[in-house]
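Here's the structure we're looking at; comments come further down.
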Amino acid sequence: MSKTVRTRYAPSPTGYMHIGNAKAALNEYLLAKSQGGVFILRIEDTDQKREIPGAVEVIYDTLNILGISHDEGPDVGGPAGPYVQSQRKATGIYMDAALELIKKGAAYYCFCSKERLETLTRDGAHDILRYDRHCLSLTKEEINAKLAAGEPFVIRQLIPEGKTSFTDELFGEITVDNSELDDQILMKSDGFPTYNFANVVDDNAMGITHVVRGTEYLSSAPKYNLLYNAFGWDIPKYIHVPMICDEVTGKKYSKRLGAPSIQDLVAQGYLPEAIVNFIALLGWSPADNNEFFTMKELEEQFAVSGLSKSPSIVDMTKLRWMNAEYFKRMDPERFYSMSAAYLETFPFDKAKLAAMVQPRITFLSEIPELLDFLKALPDYDIALYENKKQKTDAAVSLKALEPAAELLAGISPEGWNNDALYAALQGLAAEMGMKNSQVLWPVRVALSGKAATPCGATELLELLGRDASLARLDDGIKRLS
RNA sequence: GGCCCGUUGGUCAAGUGGUUAAGACACGGCCCUUUCACGGCUGUAACAGGGGUUCGAGUCCCCUACGGGUCACCA
């Protein structure tokens, strides 16, 4: 019987969430859900200076928009709380852990000032800075005296000699020489733990079984193992996943590179389901060739075995395509209600308009432009009447338009429907020895003033109604004459 | 620069020693009783390079190149 899977998304409240962050959250969430586990939200606010007010709310909001719901967290509580590190710090959990490490000889006090650290000889050739263990030689008495005098201090991890290996579920075993590792700070002089330390302490305290994180943490992973071993704690399974990169720079997706927030994307008209579907497919592929997944399906089908090892680039063109697909596949009723706001000002059958527009848009905001000609005939160039493929031009159009207008004028308002209109115009074309398109193209242009409309000529006739249609046809004839 | 990781078409990616090397986006062509679109069909396009191992290598090993990551009292 294996333990319940517990995963966490642990953001620091330093701003909005972009696709990369959302992907990180989604990975943790899906791993938990695919195994009937628990997904936890933990806020890592150990850097007081970087904290941005309101950022936690943005995180809640973003997760909510995407449908990534946490089972435990600051707002919903849970058995492993508190879920905010600044609150956990108040319980003394980090300091206690650090002290325990000192007792075990795996950490030590350091009183070096920032100034002294600055003067540490940089390795000229490599330009790297490593702590020189100046304070490691302090005697117990010296330490106690400094502590008693209230000297500021940090606590550093004592990296032993040798090599350290750890096993990643995706990348396999990775070994580094401990000489590569710095005696990193565990507790900062302001009493807060560093990210690396708080992470280990909390993951253990919260019973986290699987950690999914980006490969940017791959090289610090051995230090975690050292910590776990020093404590004698069970090491969770680590799954380092490839990063999400920017299309133009090819570098890690980041705020600095101007990555849009999830909220921005939604405001631009991207559907949350499409965004989730799209990012789920970044760096992961399902067992079959399916490309469309609801969150529920992702929860069922997500598997570590489908994860890729190489980074992926965000292709906004594909996201746009996916968004359009989501509109096309959307339940018509839902589409109708979503598009209602954009259809409001059009004095036509809204359900009909929605149905026309549904398979033709990427964003709802495209609707007004798609339909604006319905409200008022735009001033258009008669060059529109020329279409090589339809074998028509201004002269042919005029020749077709005049009898067409006359014919249509003879149709009563009661008989004014698409089927009848189509039959009539088709009949006219046959009578005149013309191709259907040689009649229908000019009619559509005259009705719309556009080369592209969301429907055909006779559908337009029906939509506009008899009077408006006949008026527009006359206008077209005038323009051509 | 040290260390770590990666490298299949422009992009997302399947592929776990024997395949005509999938599929999707994008792009081109054709078809679709009326445009654009949708849809259908179809085309161009890839195993970074070099050495091994093997009867056989995109798949295993080594080297090189390129890319990324990491080396903070940031997370």
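We use all heavy atoms of the structure for the numbers below, so side chains are in, but hydrogens, waters and symmetry mates are not. Bear in mind the structure is a predicted one, so any value in this text is a computation, not a measurement.
For the P atoms, the distance from B/U7 to B/A26 is 26 Å, rounded to whole Å. Taking atom C1' on both B/G39 and B/C32, the two are 8 Å apart, rounded to the nearest angstrom. The gap from the C1' atom of B/C27 to that of B/A65 amounts to 30 Å, rounded to the nearest Å. Separating the P atom of B/U20 from that of B/A37 is a span of 37 Å, rounded to the nearest Å. Comparing B/U16 with B/C62, their P atoms sit 22 Å apart, to the nearest whole Å. With both ends at atom P, the span from B/G58 to B/G50 equals 12 Å, rounded to whole Å. Separating the C1' atom of B/G23 from that of B/G15 is a span of 12 Å, rounded to the nearest Å. Comparing B/C31 with B/C36, their P atoms sit 12 Å apart, to the nearest whole Å.
Nucleotide B/A46 is matched to nothing when pairs are restricted to Watson-Crick or G-U wobble geometry with both distances under 3.5 angstrom. In a base pair of the Watson-Crick type (N1 to N3 plus N6-O4 or O6-N4) or a G-U wobble (N1-O2 and O6-N3), with each distance short of 3.5 Å, B/A22 is matched with no nucleotide. Under the Watson-Crick or G-U wobble criterion, with both distances below 3.5 Å, B/C74 has no partner in any strand shown. Within the shown strands, B/U7 is the pairing partner of B/A65 under the Watson-Crick or G-U definition, both distances less than 3.5 Å. Nucleotide B/G39 has B/C31 as its partner under the Watson-Crick or G-U criteria, with both atom distances under 3.5 Å.
Atom CE in A/Met243 sits roughly 15 Å away from atom C1' in B/A75 (whole-Å rounding). Regarding A/Leu282, its CG atom lies at a distance of 6 Å from the P atom of B/A13, rounded to whole Å.
Interatomic distance, CZ of A/Arg8 versus CG of A/Asp202, reported as 9.0 Å (0.5 Å rounding). In this structure, NZ in A/Lys399 is found 13.5 Å from CG in A/Leu480, a value given to the nearest 0.5 Å.
Of all nucleotides listed (B/G6, B/U33, B/A13), B/G6 comes nearest to the side chain of A/Lys309. Taking the side chain of A/Asp315 as heavy atoms from C-beta on, and the options B/C36, B/A26, B/G10, the nearest nucleotide is B/G10. With B/C73, B/U11, B/G6 as the choices, the nucleotide that has an atom nearest any side-chain atom of A/Ile313 turns out to be B/U11. With B/U35, B/C3, B/G6 as the candidates, the nucleotide lying closest to the side chain of A/Val176 is B/C3.
Contacts between residues 43-53 of chain A and RNA chain B, defined by a heavy-atom separation under 4.0 Å, are made by A/Glu44, A/Thr46, A/Asp47, A/Lys49, A/Arg50. For the segment residues 318-329 of chain A, residues with any heavy atom less than 4.0 angstrom from an atom of RNA chain B are, sorted by number, A/Lys318, A/Trp321, A/Glu325, A/Lys328. Non-hydrogen atoms lying under 4.0 Å from RNA chain B are contributed by A/Val154, all within residues 151-168 of chain A.
For B/U7, the base has no donor-acceptor partner in the side chain of A/Ser310 [N/O atoms by modelled type, under 3.5 angstrom]. Between the base of B/C5 and the side chain of A/Thr215 there is no donor-acceptor pair shorter than 3.5 Å. One donor-acceptor pair, N or O on each side, does fall under 3.5 Å between the base of B/U35 and the side chain of A/Arg444.
Proximity of a side-chain donor or acceptor of A/Ser339 to a complementary backbone N or O of A/Tyr342 within less than 3.5 Å is not detected. Although no hydrogens or angles enter the test, the distance criterion places a donor-acceptor pair under 3.5 Å between the side chain of A/Lys23 and the main chain of A/Ile279.
The side chain of A/Thr194 contributes no N or O atom lying less than 4.0 Å from OP1 or OP2 of B/C74. Between A/Asn436 and B/U34 there is a side-chain N or O to OP1 or OP2 distance below 4.0 Å.
For the residue pair A/Asp177/A/Ser179, the side-chain donor-acceptor check at 3.5 Å is satisfied. No side-chain donor from either of A/Tyr385 and A/Asp393 sits under 3.5 Å from a side-chain acceptor of the other.
Remark: A/Glu57 CD is packed, more than 12 non-hydrogen atoms of other residues, nucleotides or ligands lying under 6.0 Å away.
By the 4.0 Å N-to-carboxylate-O rule, A/Glu291 lies close enough to A/Lys318 to be salt-bridged with it. A salt bridge is absent between A/Asp183 and A/Lys223; no separation between the charged side-chain nitrogens and carboxylate oxygens falls under 4.0 Å.
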